[in-house]
J.: 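Sharing a structure here in C-alpha coordinates format.
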2 protein chains.
Amino acid sequence: MRSGPGSLISESGAEAATPAPSFPDDGKNTIASQLVSRLREAIISGQLEAGSKINLDRAKQSFNVSLSPLREALARLISDGLVEFEDNRGYRVSPVSLSNLEEITSLREEFETYALRESMRVGDVDWEGNVMRALHRLNRTERDASKPETLEQWEAVHREFHLTLISGCRKPLLLSFCKTMLNLNDRYRRTFLTRTSGDRNVSVEHSEIAQGTVARDMDYACDRLREHIHRTGTNLRKHLAEKGIA
Amino acid sequence: MRSGPGSLISESGAEAATPAPSFPDDGKNTIASQLVSRLREAIISGQLEAGSKINLDRAKQSFNVSLSPLREALARLISDGLVEFEDNRGYRVSPVSLSNLEEITSLREEFETYALRESMRVGDVDWEGNVMRALHRLNRTERDASKPETLEQWEAVHREFHLTLISGCRKPLLLSFCKTMLNLNDRYRRTFLTRTSGDRNVSVEHSEIAQGTVARDMDYACDRLREHIHRTGTNLRKHLAEKGIA
DNA sequence: TTTTGATAAATCATCGATTATTTGTCAAGC
DNA sequence: GCTTGACAAATAATCGATGATTTATCAAAA
(Lines give C-alpha, C1' and ligand atoms only; values in the text may rest on other atoms or scores of the structure.)
Protein backbone atom coordinates (compact mmCIF):
# COMPACT_ATOMS: atom_id res chain seq x y z
CA MET A 1 0.00 0.00 0.00
CA ARG A 2 3.04 2.25 0.23
CA SER A 3 6.71 2.43 -0.49
CA GLY A 4 8.74 1.98 2.69
CA PRO A 5 12.25 0.66 3.26
CA GLY A 6 11.63 -2.67 1.61
CA SER A 7 11.07 -1.14 -1.79
CA LEU A 8 14.31 0.80 -1.56
CA ILE A 9 16.11 -2.43 -2.26
CA SER A 10 14.25 -3.02 -5.51
CA GLU A 11 14.78 0.63 -6.37
CA SER A 12 18.55 0.55 -6.05
CA GLY A 13 18.55 -2.79 -7.79
CA ALA A 14 17.16 -1.10 -10.88
CA GLU A 15 19.42 1.96 -10.81
CA ALA A 16 19.68 2.74 -14.49
CA ALA A 17 17.04 2.96 -17.21
CA THR A 18 13.83 5.02 -17.12
CA PRO A 19 12.55 6.26 -13.77
CA ALA A 20 9.20 4.54 -14.03
CA PRO A 21 10.08 0.85 -14.10
CA SER A 22 12.39 1.16 -11.09
CA PHE A 23 9.28 0.56 -9.04
CA PRO A 24 7.68 -2.74 -9.86
CA ASP A 25 5.51 -1.66 -6.98
CA ASP A 26 2.88 1.00 -7.59
CA GLY A 27 2.32 1.28 -3.90
CA LYS A 28 0.31 -1.94 -3.93
CA ASN A 29 2.70 -4.56 -2.63
CA THR A 30 0.45 -7.45 -1.92
CA ILE A 31 -1.59 -9.63 -4.21
CA ALA A 32 -4.73 -8.76 -2.30
CA SER A 33 -4.23 -5.02 -2.80
CA GLN A 34 -3.45 -5.42 -6.46
CA LEU A 35 -6.60 -7.46 -6.78
CA VAL A 36 -8.65 -4.70 -5.18
CA SER A 37 -7.58 -2.36 -7.98
CA ARG A 38 -7.99 -4.90 -10.73
CA LEU A 39 -11.42 -5.98 -9.54
CA ARG A 40 -12.57 -2.41 -9.03
CA GLU A 41 -11.56 -1.51 -12.55
CA ALA A 42 -13.16 -4.66 -13.91
CA ILE A 43 -16.45 -3.81 -12.22
CA ILE A 44 -16.54 -0.10 -13.01
CA SER A 45 -15.64 -0.73 -16.62
CA GLY A 46 -18.38 -3.30 -16.90
CA GLN A 47 -16.13 -6.28 -17.64
CA LEU A 48 -17.72 -7.94 -14.65
CA GLU A 49 -21.42 -7.70 -15.29
CA ALA A 50 -23.60 -5.88 -12.78
CA GLY A 51 -25.59 -8.22 -10.59
CA SER A 52 -23.64 -11.28 -11.60
CA LYS A 53 -22.36 -13.78 -9.13
CA ILE A 54 -18.62 -13.97 -8.63
CA ASN A 55 -17.61 -17.60 -8.80
CA LEU A 56 -14.51 -17.95 -6.67
CA ASP A 57 -13.00 -20.84 -8.57
CA ARG A 58 -13.40 -19.15 -11.91
CA ALA A 59 -12.27 -15.75 -10.62
CA LYS A 60 -9.27 -17.46 -9.06
CA GLN A 61 -8.30 -18.82 -12.43
CA SER A 62 -9.06 -15.78 -14.55
CA PHE A 63 -7.08 -13.51 -12.25
CA ASN A 64 -4.45 -16.16 -11.71
CA VAL A 65 -4.40 -15.89 -7.93
CA SER A 66 -5.07 -18.01 -4.92
CA LEU A 67 -8.23 -18.03 -2.85
CA SER A 68 -7.11 -16.15 0.28
CA PRO A 69 -6.11 -12.87 -1.39
CA LEU A 70 -9.14 -13.05 -3.66
CA ARG A 71 -11.56 -13.33 -0.76
CA GLU A 72 -9.79 -10.58 1.11
CA ALA A 73 -9.88 -8.27 -1.89
CA LEU A 74 -13.59 -8.88 -2.40
CA ALA A 75 -14.27 -8.23 1.27
CA ARG A 76 -12.53 -4.89 0.99
CA LEU A 77 -14.50 -4.00 -2.11
CA ILE A 78 -17.70 -4.07 -0.11
CA SER A 79 -16.66 -0.64 1.21
CA ASP A 80 -16.85 0.70 -2.31
CA GLY A 81 -20.39 -0.50 -2.77
CA LEU A 82 -19.22 -2.45 -5.80
CA VAL A 83 -19.76 -5.94 -4.43
CA GLU A 84 -22.24 -7.49 -2.06
CA PHE A 85 -21.86 -10.51 0.12
CA GLU A 86 -24.08 -13.13 1.68
CA ASP A 87 -23.06 -15.93 4.02
CA ASN A 88 -22.50 -19.24 2.25
CA ARG A 89 -23.57 -17.73 -1.02
CA GLY A 90 -20.52 -15.69 -1.71
CA TYR A 91 -19.87 -12.43 -3.45
CA ARG A 92 -21.70 -10.78 -6.30
CA VAL A 93 -21.27 -7.61 -8.31
CA SER A 94 -23.68 -4.99 -7.03
CA PRO A 95 -26.66 -4.78 -9.35
CA VAL A 96 -27.68 -1.64 -11.18
CA SER A 97 -31.18 -0.20 -11.15
CA LEU A 98 -33.01 3.00 -11.80
CA SER A 99 -33.61 3.65 -8.12
CA ASN A 100 -29.95 3.02 -7.33
CA LEU A 101 -28.90 5.52 -9.99
CA GLU A 102 -31.38 8.04 -8.65
CA GLU A 103 -30.07 7.66 -5.13
CA ILE A 104 -26.49 8.05 -6.27
CA THR A 105 -27.42 11.22 -8.15
CA SER A 106 -29.25 12.70 -5.15
CA LEU A 107 -26.45 11.89 -2.77
CA ARG A 108 -23.85 13.31 -5.12
CA GLU A 109 -25.86 16.51 -5.33
CA GLU A 110 -26.04 16.78 -1.56
CA PHE A 111 -22.59 15.62 -0.57
CA GLU A 112 -20.49 17.09 -3.31
CA THR A 113 -22.05 20.52 -3.00
CA TYR A 114 -21.57 20.34 0.76
CA ALA A 115 -17.94 19.28 0.30
CA LEU A 116 -17.41 21.98 -2.31
CA ARG A 117 -18.77 24.64 0.02
CA GLU A 118 -16.49 23.41 2.78
CA SER A 119 -13.55 23.42 0.39
CA MET A 120 -14.25 27.01 -0.59
CA ARG A 121 -14.47 27.87 3.09
CA VAL A 122 -11.21 26.32 4.23
CA GLY A 123 -9.28 25.37 1.08
CA ASP A 124 -5.84 26.92 0.59
CA VAL A 125 -4.09 28.30 -2.47
CA ASP A 126 -2.54 24.93 -3.30
CA TRP A 127 -6.01 23.52 -3.58
CA GLU A 128 -7.10 26.35 -5.89
CA GLY A 129 -4.12 25.61 -8.09
CA ASN A 130 -4.96 21.93 -8.17
CA VAL A 131 -8.49 22.76 -9.28
CA MET A 132 -7.27 24.88 -12.18
CA ARG A 133 -4.77 22.23 -13.19
CA ALA A 134 -7.41 19.50 -13.11
CA LEU A 135 -9.71 21.67 -15.22
CA HIS A 136 -6.99 22.30 -17.76
CA ARG A 137 -6.15 18.62 -18.04
CA LEU A 138 -9.79 17.75 -18.44
CA ASN A 139 -10.27 20.34 -21.19
CA ARG A 140 -7.21 19.08 -23.01
CA THR A 141 -8.26 15.46 -22.90
CA GLU A 142 -10.16 14.39 -25.95
CA ARG A 143 -13.17 12.14 -25.70
CA ASP A 144 -13.73 10.29 -28.92
CA ALA A 145 -16.28 7.50 -28.85
CA SER A 146 -14.51 5.75 -31.71
CA LYS A 147 -11.31 5.42 -29.69
CA PRO A 148 -11.93 3.45 -26.49
CA GLU A 149 -8.58 4.37 -24.97
CA THR A 150 -9.52 8.06 -25.05
CA LEU A 151 -12.71 7.26 -23.17
CA GLU A 152 -10.77 5.59 -20.38
CA GLN A 153 -8.34 8.46 -20.21
CA TRP A 154 -11.19 10.95 -20.12
CA GLU A 155 -12.92 9.04 -17.32
CA ALA A 156 -9.72 9.21 -15.29
CA VAL A 157 -9.19 12.96 -15.63
CA HIS A 158 -12.89 13.66 -15.23
CA ARG A 159 -12.97 11.72 -11.99
CA GLU A 160 -9.82 13.52 -10.89
CA PHE A 161 -11.44 16.89 -11.63
CA HIS A 162 -14.48 16.22 -9.49
CA LEU A 163 -12.37 14.86 -6.64
CA THR A 164 -9.99 17.79 -6.78
CA LEU A 165 -12.88 20.25 -6.54
CA ILE A 166 -13.81 18.90 -3.13
CA SER A 167 -10.33 17.89 -1.99
CA GLY A 168 -9.85 21.10 -0.01
CA CYS A 169 -12.55 20.38 2.53
CA ARG A 170 -10.38 18.65 5.18
CA LYS A 171 -13.01 16.03 5.86
CA PRO A 172 -11.50 12.63 5.03
CA LEU A 173 -14.64 10.62 5.79
CA LEU A 174 -16.72 12.87 3.57
CA LEU A 175 -14.16 12.60 0.79
CA SER A 176 -14.09 8.84 0.97
CA PHE A 177 -17.86 8.72 0.76
CA CYS A 178 -17.88 11.05 -2.24
CA LYS A 179 -15.26 8.86 -3.87
CA THR A 180 -17.52 5.87 -3.41
CA MET A 181 -20.48 7.64 -4.99
CA LEU A 182 -18.32 8.79 -7.87
CA ASN A 183 -17.18 5.19 -8.47
CA LEU A 184 -20.73 3.98 -8.54
CA ASN A 185 -21.76 6.81 -10.82
CA ASP A 186 -18.87 6.21 -13.21
CA ARG A 187 -19.89 2.60 -13.58
CA TYR A 188 -23.24 3.77 -14.93
CA ARG A 189 -21.61 6.17 -17.32
CA ARG A 190 -19.05 3.68 -18.58
CA THR A 191 -21.67 1.00 -18.98
CA PHE A 192 -24.51 2.95 -20.49
CA LEU A 193 -23.11 6.11 -21.97
CA THR A 194 -20.70 5.79 -24.84
CA ARG A 195 -21.39 9.09 -26.53
CA THR A 196 -22.04 12.38 -24.79
CA SER A 197 -25.43 13.95 -25.16
CA GLY A 198 -25.61 16.53 -27.92
CA ASP A 199 -27.54 19.20 -26.04
CA ARG A 200 -24.87 19.73 -23.43
CA ASN A 201 -21.58 21.50 -23.48
CA VAL A 202 -19.94 19.67 -20.65
CA SER A 203 -16.69 21.60 -20.98
CA VAL A 204 -18.48 24.85 -20.29
CA GLU A 205 -20.17 23.32 -17.28
CA HIS A 206 -16.85 22.22 -15.84
CA SER A 207 -15.26 25.59 -16.49
CA GLU A 208 -18.09 27.46 -14.80
CA ILE A 209 -17.83 25.25 -11.74
CA ALA A 210 -14.07 25.68 -11.52
CA GLN A 211 -14.19 29.45 -12.10
CA GLY A 212 -16.86 29.92 -9.46
CA THR A 213 -14.89 27.72 -7.11
CA VAL A 214 -11.58 29.58 -7.23
CA ALA A 215 -13.53 32.84 -7.02
CA ARG A 216 -15.05 31.40 -3.82
CA ASP A 217 -18.51 32.25 -5.04
CA MET A 218 -20.17 29.55 -2.99
CA ASP A 219 -23.73 29.81 -4.23
CA TYR A 220 -22.76 30.09 -7.88
CA ALA A 221 -20.26 27.24 -7.81
CA CYS A 222 -22.54 24.93 -5.86
CA ASP A 223 -25.51 25.67 -8.08
CA ARG A 224 -23.48 24.93 -11.20
CA LEU A 225 -22.14 21.73 -9.67
CA ARG A 226 -25.58 20.60 -8.62
CA GLU A 227 -26.98 21.23 -12.09
CA HIS A 228 -24.07 19.40 -13.63
CA ILE A 229 -24.63 16.33 -11.48
CA HIS A 230 -28.37 16.50 -12.02
CA ARG A 231 -28.03 16.70 -15.80
CA THR A 232 -25.71 13.72 -15.80
CA GLY A 233 -28.27 11.80 -13.79
CA THR A 234 -31.13 12.70 -16.11
CA ASN A 235 -29.03 11.77 -19.10
CA LEU A 236 -28.07 8.40 -17.66
CA ARG A 237 -31.64 7.69 -16.65
CA LYS A 238 -32.72 7.99 -20.27
CA HIS A 239 -30.12 5.49 -21.38
CA LEU A 240 -31.15 3.05 -18.68
CA ALA A 241 -34.75 3.38 -19.79
CA GLU A 242 -33.73 2.70 -23.39
CA LYS A 243 -32.07 -0.50 -22.32
CA GLY A 244 -35.16 -1.43 -20.35
CA ILE A 245 -33.60 -1.30 -16.92
CA ALA A 246 -36.00 -0.67 -14.08
CA MET B 1 -26.75 -12.48 6.97
CA ARG B 2 -30.23 -11.72 5.73
CA SER B 3 -33.89 -12.46 5.87
CA GLY B 4 -35.39 -13.22 2.50
CA PRO B 5 -37.34 -16.35 1.60
CA GLY B 6 -34.95 -18.61 3.41
CA SER B 7 -35.76 -17.17 6.79
CA LEU B 8 -39.47 -17.54 6.26
CA ILE B 9 -39.05 -21.25 6.72
CA SER B 10 -37.28 -20.97 10.02
CA GLU B 11 -39.71 -18.26 11.05
CA SER B 12 -42.79 -20.37 10.58
CA GLY B 13 -40.93 -23.19 12.27
CA ALA B 14 -40.87 -21.13 15.42
CA GLU B 15 -44.60 -20.51 15.67
CA ALA B 16 -45.07 -21.14 19.38
CA ALA B 17 -42.99 -20.26 22.40
CA THR B 18 -40.59 -17.39 22.44
CA PRO B 19 -39.45 -16.38 18.99
CA ALA B 20 -35.78 -16.12 19.86
CA PRO B 21 -34.29 -19.55 20.63
CA SER B 22 -35.60 -21.28 17.54
CA PHE B 23 -32.58 -19.89 15.76
CA PRO B 24 -29.23 -21.06 17.01
CA ASP B 25 -28.13 -18.90 14.12
CA ASP B 26 -28.70 -15.17 14.37
CA GLY B 27 -28.36 -14.85 10.66
CA LYS B 28 -24.58 -15.00 10.93
CA ASN B 29 -23.72 -18.50 9.80
CA THR B 30 -20.04 -18.27 9.16
CA ILE B 31 -17.15 -17.68 11.50
CA ALA B 32 -16.11 -14.65 9.49
CA SER B 33 -19.52 -13.00 9.86
CA GLN B 34 -19.68 -13.74 13.56
CA LEU B 35 -16.25 -12.22 13.89
CA VAL B 36 -17.38 -9.05 12.17
CA SER B 37 -19.98 -8.57 14.91
CA ARG B 38 -17.66 -9.53 17.73
CA LEU B 39 -14.86 -7.32 16.50
CA ARG B 40 -17.19 -4.40 15.86
CA GLU B 41 -18.57 -4.63 19.37
CA ALA B 42 -15.06 -4.98 20.81
CA ILE B 43 -13.94 -1.83 19.02
CA ILE B 44 -17.01 0.31 19.68
CA SER B 45 -17.03 -0.68 23.34
CA GLY B 46 -13.37 0.21 23.65
CA GLN B 47 -12.14 -3.28 24.51
CA LEU B 48 -9.82 -2.96 21.54
CA GLU B 49 -8.02 0.29 22.12
CA ALA B 50 -8.30 3.02 19.52
CA GLY B 51 -5.21 3.33 17.36
CA SER B 52 -3.74 0.05 18.51
CA LYS B 53 -2.30 -2.45 16.14
CA ILE B 54 -4.18 -5.70 15.72
CA ASN B 55 -1.71 -8.54 16.03
CA LEU B 56 -3.11 -11.38 13.99
CA ASP B 57 -1.57 -14.18 16.05
CA ARG B 58 -2.82 -12.78 19.30
CA ALA B 59 -6.25 -11.89 17.91
CA LYS B 60 -6.45 -15.39 16.47
CA GLN B 61 -5.93 -16.84 19.91
CA SER B 62 -8.08 -14.45 21.91
CA PHE B 63 -11.02 -14.94 19.56
CA ASN B 64 -10.25 -18.60 19.16
CA VAL B 65 -10.43 -18.61 15.39
CA SER B 66 -8.22 -19.33 12.44
CA LEU B 67 -6.45 -16.80 10.29
CA SER B 68 -8.58 -16.79 7.15
CA PRO B 69 -11.91 -15.77 8.70
CA LEU B 70 -10.11 -13.27 10.91
CA ARG B 71 -8.50 -11.50 7.98
CA GLU B 72 -11.75 -11.54 6.03
CA ALA B 73 -13.67 -10.08 8.97
CA LEU B 74 -11.12 -7.31 9.43
CA ALA B 75 -11.23 -6.51 5.73
CA ARG B 76 -14.99 -6.13 5.93
CA LEU B 77 -14.70 -3.88 8.96
CA ILE B 78 -12.83 -1.32 6.90
CA SER B 79 -16.25 -0.34 5.48
CA ASP B 80 -17.33 0.67 8.95
CA GLY B 81 -14.39 2.97 9.40
CA LEU B 82 -13.46 1.03 12.50
CA VAL B 83 -10.22 -0.48 11.24
CA GLU B 84 -7.52 0.68 8.88
CA PHE B 85 -5.14 -1.37 6.81
CA GLU B 86 -1.71 -1.02 5.30
CA ASP B 87 0.08 -3.53 3.09
CA ASN B 88 2.48 -5.74 4.95
CA ARG B 89 1.77 -3.91 8.17
CA GLY B 90 -1.63 -5.30 8.82
CA TYR B 91 -4.73 -3.97 10.46
CA ARG B 92 -5.13 -1.45 13.24
CA VAL B 93 -8.05 -0.01 15.15
CA SER B 94 -8.90 3.40 13.72
CA PRO B 95 -7.48 6.08 15.99
CA VAL B 96 -9.60 8.71 17.71
CA SER B 97 -8.89 12.40 17.56
CA LEU B 98 -10.57 15.72 18.09
CA SER B 99 -10.72 16.45 14.38
CA ASN B 100 -12.18 13.02 13.67
CA LEU B 101 -14.91 13.60 16.27
CA GLU B 102 -15.65 17.01 14.82
CA GLU B 103 -15.98 15.61 11.33
CA ILE B 104 -18.29 12.86 12.52
CA THR B 105 -20.45 15.41 14.29
CA SER B 106 -20.66 17.67 11.23
CA LEU B 107 -21.46 14.82 8.91
CA ARG B 108 -24.10 13.48 11.24
CA GLU B 109 -25.70 16.91 11.33
CA GLU B 110 -25.77 17.12 7.56
CA PHE B 111 -26.66 13.56 6.66
CA GLU B 112 -29.09 12.68 9.39
CA THR B 113 -31.10 15.85 8.95
CA TYR B 114 -31.16 15.24 5.21
CA ALA B 115 -32.26 11.65 5.76
CA LEU B 116 -34.86 12.75 8.29
CA ARG B 117 -36.30 15.28 5.86
CA GLU B 118 -36.48 12.62 3.18
CA SER B 119 -38.13 10.23 5.61
CA MET B 120 -40.77 12.81 6.47
CA ARG B 121 -41.30 13.38 2.77
CA VAL B 122 -41.77 9.76 1.72
CA GLY B 123 -42.11 7.73 4.92
CA ASP B 124 -45.28 5.71 5.43
CA VAL B 125 -47.44 5.08 8.46
CA ASP B 126 -45.50 1.97 9.40
CA TRP B 127 -42.42 4.09 9.69
CA GLU B 128 -44.23 6.62 11.89
CA GLY B 129 -45.28 3.79 14.17
CA ASN B 130 -41.73 2.48 14.34
CA VAL B 131 -40.51 5.91 15.37
CA MET B 132 -43.00 6.13 18.23
CA ARG B 133 -42.17 2.62 19.36
CA ALA B 134 -38.44 3.33 19.32
CA LEU B 135 -39.02 6.50 21.32
CA HIS B 136 -41.07 4.64 23.88
CA ARG B 137 -38.47 1.94 24.30
CA LEU B 138 -35.76 4.51 24.68
CA ASN B 139 -37.69 6.41 27.32
CA ARG B 140 -38.35 3.21 29.24
CA THR B 141 -34.73 2.11 29.21
CA GLU B 142 -32.84 3.24 32.25
CA ARG B 143 -29.31 4.50 32.02
CA ASP B 144 -27.52 4.04 35.30
CA ALA B 145 -23.78 4.64 35.28
CA SER B 146 -23.34 2.27 38.21
CA LYS B 147 -24.78 -0.64 36.24
CA PRO B 148 -22.73 -1.28 33.08
CA GLU B 149 -25.31 -3.62 31.57
CA THR B 150 -27.89 -0.82 31.54
CA LEU B 151 -25.43 1.35 29.63
CA GLU B 152 -25.05 -1.27 26.94
CA GLN B 153 -28.77 -1.72 26.72
CA TRP B 154 -29.30 2.02 26.52
CA GLU B 155 -26.72 2.35 23.76
CA ALA B 156 -28.57 -0.29 21.76
CA VAL B 157 -32.01 1.31 22.00
CA HIS B 158 -30.57 4.79 21.53
CA ARG B 159 -28.86 3.71 18.34
CA GLU B 160 -32.06 2.03 17.24
CA PHE B 161 -34.02 5.24 17.85
CA HIS B 162 -31.75 7.35 15.68
CA LEU B 163 -31.72 4.77 12.92
CA THR B 164 -35.48 4.38 13.00
CA LEU B 165 -35.96 8.13 12.65
CA ILE B 166 -34.26 8.08 9.26
CA SER B 167 -35.31 4.58 8.20
CA GLY B 168 -38.21 5.88 6.14
CA CYS B 169 -36.08 7.67 3.57
CA ARG B 170 -35.80 4.84 1.03
CA LYS B 171 -32.16 5.57 0.37
CA PRO B 172 -30.13 2.49 1.33
CA LEU B 173 -26.74 4.00 0.59
CA LEU B 174 -27.51 7.02 2.71
CA LEU B 175 -28.72 4.81 5.54
CA SER B 176 -25.62 2.70 5.47
CA PHE B 177 -23.46 5.79 5.62
CA CYS B 178 -25.45 7.17 8.56
CA LYS B 179 -25.06 3.83 10.29
CA THR B 180 -21.32 4.07 9.88
CA MET B 181 -21.21 7.55 11.35
CA LEU B 182 -23.40 6.47 14.23
CA ASN B 183 -21.02 3.58 14.96
CA LEU B 184 -18.05 5.88 15.00
CA ASN B 185 -19.91 8.34 17.19
CA ASP B 186 -21.01 5.66 19.64
CA ARG B 187 -17.44 4.58 20.12
CA TYR B 188 -16.61 8.06 21.36
CA ARG B 189 -19.56 8.07 23.71
CA ARG B 190 -18.90 4.62 25.09
CA THR B 191 -15.22 5.35 25.53
CA PHE B 192 -15.32 8.85 26.91
CA LEU B 193 -18.76 9.43 28.31
CA THR B 194 -19.86 7.35 31.24
CA ARG B 195 -22.27 9.76 32.83
CA THR B 196 -24.64 12.04 30.97
CA SER B 197 -24.08 15.75 31.21
CA GLY B 198 -26.21 17.38 33.92
CA ASP B 199 -27.36 20.38 31.94
CA ARG B 200 -29.22 18.35 29.37
CA ASN B 201 -32.50 16.57 29.43
CA VAL B 202 -31.84 14.13 26.66
CA SER B 203 -35.23 12.47 26.99
CA VAL B 204 -36.96 15.71 26.19
CA GLU B 205 -34.70 16.23 23.19
CA HIS B 206 -35.58 12.80 21.83
CA SER B 207 -39.28 13.34 22.40
CA GLU B 208 -39.27 16.67 20.62
CA ILE B 209 -37.49 15.16 17.63
CA ALA B 210 -39.92 12.26 17.46
CA GLN B 211 -43.02 14.44 17.91
CA GLY B 212 -41.89 16.84 15.23
CA THR B 213 -41.11 13.92 12.97
CA VAL B 214 -44.47 12.18 13.07
CA ALA B 215 -46.15 15.59 12.74
CA ARG B 216 -44.05 15.99 9.57
CA ASP B 217 -42.89 19.37 10.71
CA MET B 218 -39.67 19.23 8.72
CA ASP B 219 -37.97 22.37 9.90
CA TYR B 220 -38.79 21.81 13.55
CA ALA B 221 -37.77 18.17 13.60
CA CYS B 222 -34.56 18.76 11.69
CA ASP B 223 -33.59 21.71 13.84
CA ARG B 224 -34.14 19.68 17.01
CA LEU B 225 -32.16 16.77 15.59
CA ARG B 226 -29.32 19.01 14.52
CA GLU B 227 -29.14 20.63 17.94
CA HIS B 228 -29.22 17.23 19.59
CA ILE B 229 -26.31 15.96 17.51
CA HIS B 230 -24.42 19.19 17.99
CA ARG B 231 -24.82 19.13 21.77
CA THR B 232 -23.59 15.56 21.90
CA GLY B 233 -20.56 16.61 19.89
CA THR B 234 -19.79 19.55 22.15
CA ASN B 235 -20.21 17.38 25.19
CA LEU B 236 -17.89 14.70 23.88
CA ARG B 237 -15.32 17.26 22.83
CA LYS B 238 -15.04 18.45 26.42
CA HIS B 239 -14.38 14.92 27.63
CA LEU B 240 -11.74 14.38 25.00
CA ALA B 241 -10.06 17.61 26.04
CA GLU B 242 -10.10 16.48 29.68
CA LYS B 243 -8.31 13.30 28.74
CA GLY B 244 -5.82 15.32 26.74
CA ILE B 245 -6.73 14.01 23.33
CA ALA B 246 -5.89 16.28 20.43
C1' DT C 1 -47.86 -33.55 -13.97
C1' DT C 2 -46.16 -31.87 -9.84
C1' DT C 3 -43.99 -32.61 -5.55
C1' DT C 4 -40.81 -34.80 -2.52
C1' DG C 5 -36.55 -36.60 -0.96
C1' DA C 6 -32.17 -38.76 -1.59
C1' DT C 7 -27.90 -38.35 -3.83
C1' DA C 8 -24.16 -36.16 -6.38
C1' DA C 9 -21.85 -32.12 -7.93
C1' DA C 10 -20.56 -27.54 -7.30
C1' DT C 11 -19.28 -24.02 -4.51
C1' DC C 12 -18.15 -21.66 -0.33
C1' DA C 13 -15.59 -21.63 4.22
C1' DT C 14 -11.94 -22.93 7.00
C1' DC C 15 -7.64 -24.87 8.45
C1' DG C 16 -2.52 -25.74 8.98
C1' DA C 17 1.69 -25.11 6.86
C1' DT C 18 4.82 -22.38 4.01
C1' DT C 19 6.73 -18.21 2.18
C1' DA C 20 7.73 -13.24 2.21
C1' DT C 21 8.22 -9.03 4.60
C1' DT C 22 9.07 -6.20 8.38
C1' DT C 23 11.01 -5.25 12.81
C1' DG C 24 14.33 -5.82 16.42
C1' DT C 25 19.17 -6.76 17.84
C1' DC C 26 23.83 -6.10 17.90
C1' DA C 27 28.46 -5.86 16.39
C1' DA C 28 31.72 -3.58 12.94
C1' DG C 29 33.06 0.50 10.82
C1' DC C 30 33.15 5.46 10.48
C1' DG D 1 28.74 8.23 19.86
C1' DC D 2 26.28 7.44 15.54
C1' DT D 3 25.40 5.02 11.49
C1' DT D 4 25.41 0.83 8.73
C1' DG D 5 24.57 -3.76 7.64
C1' DA D 6 24.06 -8.60 8.72
C1' DC D 7 21.45 -11.67 11.19
C1' DA D 8 17.43 -13.41 13.92
C1' DA D 9 12.83 -13.06 15.56
C1' DA D 10 8.24 -11.59 14.84
C1' DT D 11 4.65 -10.86 11.95
C1' DA D 12 2.01 -10.62 7.67
C1' DA D 13 0.71 -12.88 3.26
C1' DT D 14 -0.16 -16.73 0.58
C1' DC D 15 -0.91 -21.45 -0.69
C1' DG D 16 -2.99 -26.16 -1.16
C1' DA D 17 -5.90 -29.28 1.04
C1' DT D 18 -9.96 -30.39 3.81
C1' DG D 19 -14.57 -29.67 5.67
C1' DA D 20 -19.35 -27.62 5.32
C1' DT D 21 -23.14 -25.82 2.84
C1' DT D 22 -25.76 -24.98 -1.08
C1' DT D 23 -27.43 -26.12 -5.62
C1' DA D 24 -28.48 -29.37 -9.24
C1' DT D 25 -30.17 -33.86 -10.65
C1' DC D 26 -33.40 -37.33 -10.95
C1' DA D 27 -36.25 -41.10 -9.61
C1' DA D 28 -40.27 -42.41 -6.75
C1' DA D 29 -44.64 -41.14 -4.90
C1' DA D 30 -48.84 -38.46 -4.78
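Chain naming here is simple, since letters A, B, ... match the order of the sequence lines and numbering starts at 1 in each.
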J.: Output the rounded distance in Å from CD (Q61(A)) to C1' (dT11(C)).
T.: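 My rounded result for the distance is 13 Å.
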J.: Whether S66(B) contacts dC15(C) is assessed here as follows: a side-chain N or O lying under 4.0 Å from the phosphate OP1 or OP2. Is that the case?
T.: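 Yes, within the criterion.
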J.: Rounded to whole Å, how long is the line connecting atom CD of Q34(A) with atom P of dT21(C)?
T.: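 About 11 Å, once rounded to whole Å.
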J.: When you check the gap from the basic side-chain N to the acidic O, do R137(B) and E160(B) get nearer than 4.0 Å?
T.: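 A salt bridge is absent here (no side-chain N lies under 4.0 Å from a carboxylate O).
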J.: Would you say R89(B) places a side-chain N or O within less than 4.0 Å of OP1 or OP2 belonging to dA12(D)?
T.: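 For dA12(D), OP1/OP2 do not have a side-chain N/O of R89(B) under 4.0 Å.
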J.: Rounded off to whole Å, could you give me the CD-to-C1' distance for the E72(A) and dA13(C) pair?
T.: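 Nearest whole value for this atom pair: 15 Å.
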J.: Whole angstrom is fine here: how far is it from CG in L67(B) over to P in dA13(D)?
T.: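 L67(B) atom CG is separated from dA13(D) atom P by 9 Å.
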J.: Does the side chain of R143(A) reach to within under 4.5 Å of the side chain of Q153(A), using non-hydrogen atoms?
T.: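 No; the side chains remain at least 4.5 Å from each other.
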J.: What is the nucleic acid contact for K53(A), judged by heavy atoms within less than 4.0 Å: base, sugar-phosphate only, or nothing?
T.: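 Sugar-phosphate, no base atom in range.
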J.: On the nucleotide dC12(C), are OP1 or OP2 found under 4.0 Å from the side-chain N or O atoms that N88(A) carries?
T.: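 So the side-chain polar atoms of N88(A) never come under 4.0 Å of the phosphate oxygens OP1 or OP2 of dC12(C).
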J.: To the nearest Å, how far apart are L74(B) CG and dA13(D) P?
T.: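 The distance from CG of L74(B) to P of dA13(D) comes to 11 Å, rounded to the nearest Å.
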J.: dA20(C) P sits how many Å from R71(B) CZ, rounded?
T.: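 Nearest whole value for this atom pair: 16 Å.
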J.: Check E72(A) with R76(A), please: is the shortest side-chain N to carboxylate O separation under 4.0 Å?
T.: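 Yes.
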J.: Of the candidate nucleotides dT11(D), dT11(C), dA13(D), which contains the atom at the shortest distance from the side chain of T30(A)?
T.: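 The listed nucleotide nearest to T30(A)'s side chain is dA13(D).
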J.: Give a yes or no on whether a salt bridge exists between K171(B) and E118(B), defined as a side-chain N under 4.0 angstrom from a carboxylate O.
T.: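 So K171(B) pairs with E118(B) through a salt bridge.
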J.: With a non-hydrogen cut-off below 4.0 angstrom, is I54(A) in contact with a base, only sugar-phosphate, or nothing?
T.: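 Since only primed, P, OP1 and OP2 atoms lie under 4.0 Å of I54(A), the category is sugar-phosphate.
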J.: For a quick check of understanding: with a heavy-atom distance under 4.0 Å over all strands, which category does S68(B) fall into, base, sugar-phosphate or nothing?
T.: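 S68(B): base contact, heavy atoms under 4.0 Å.
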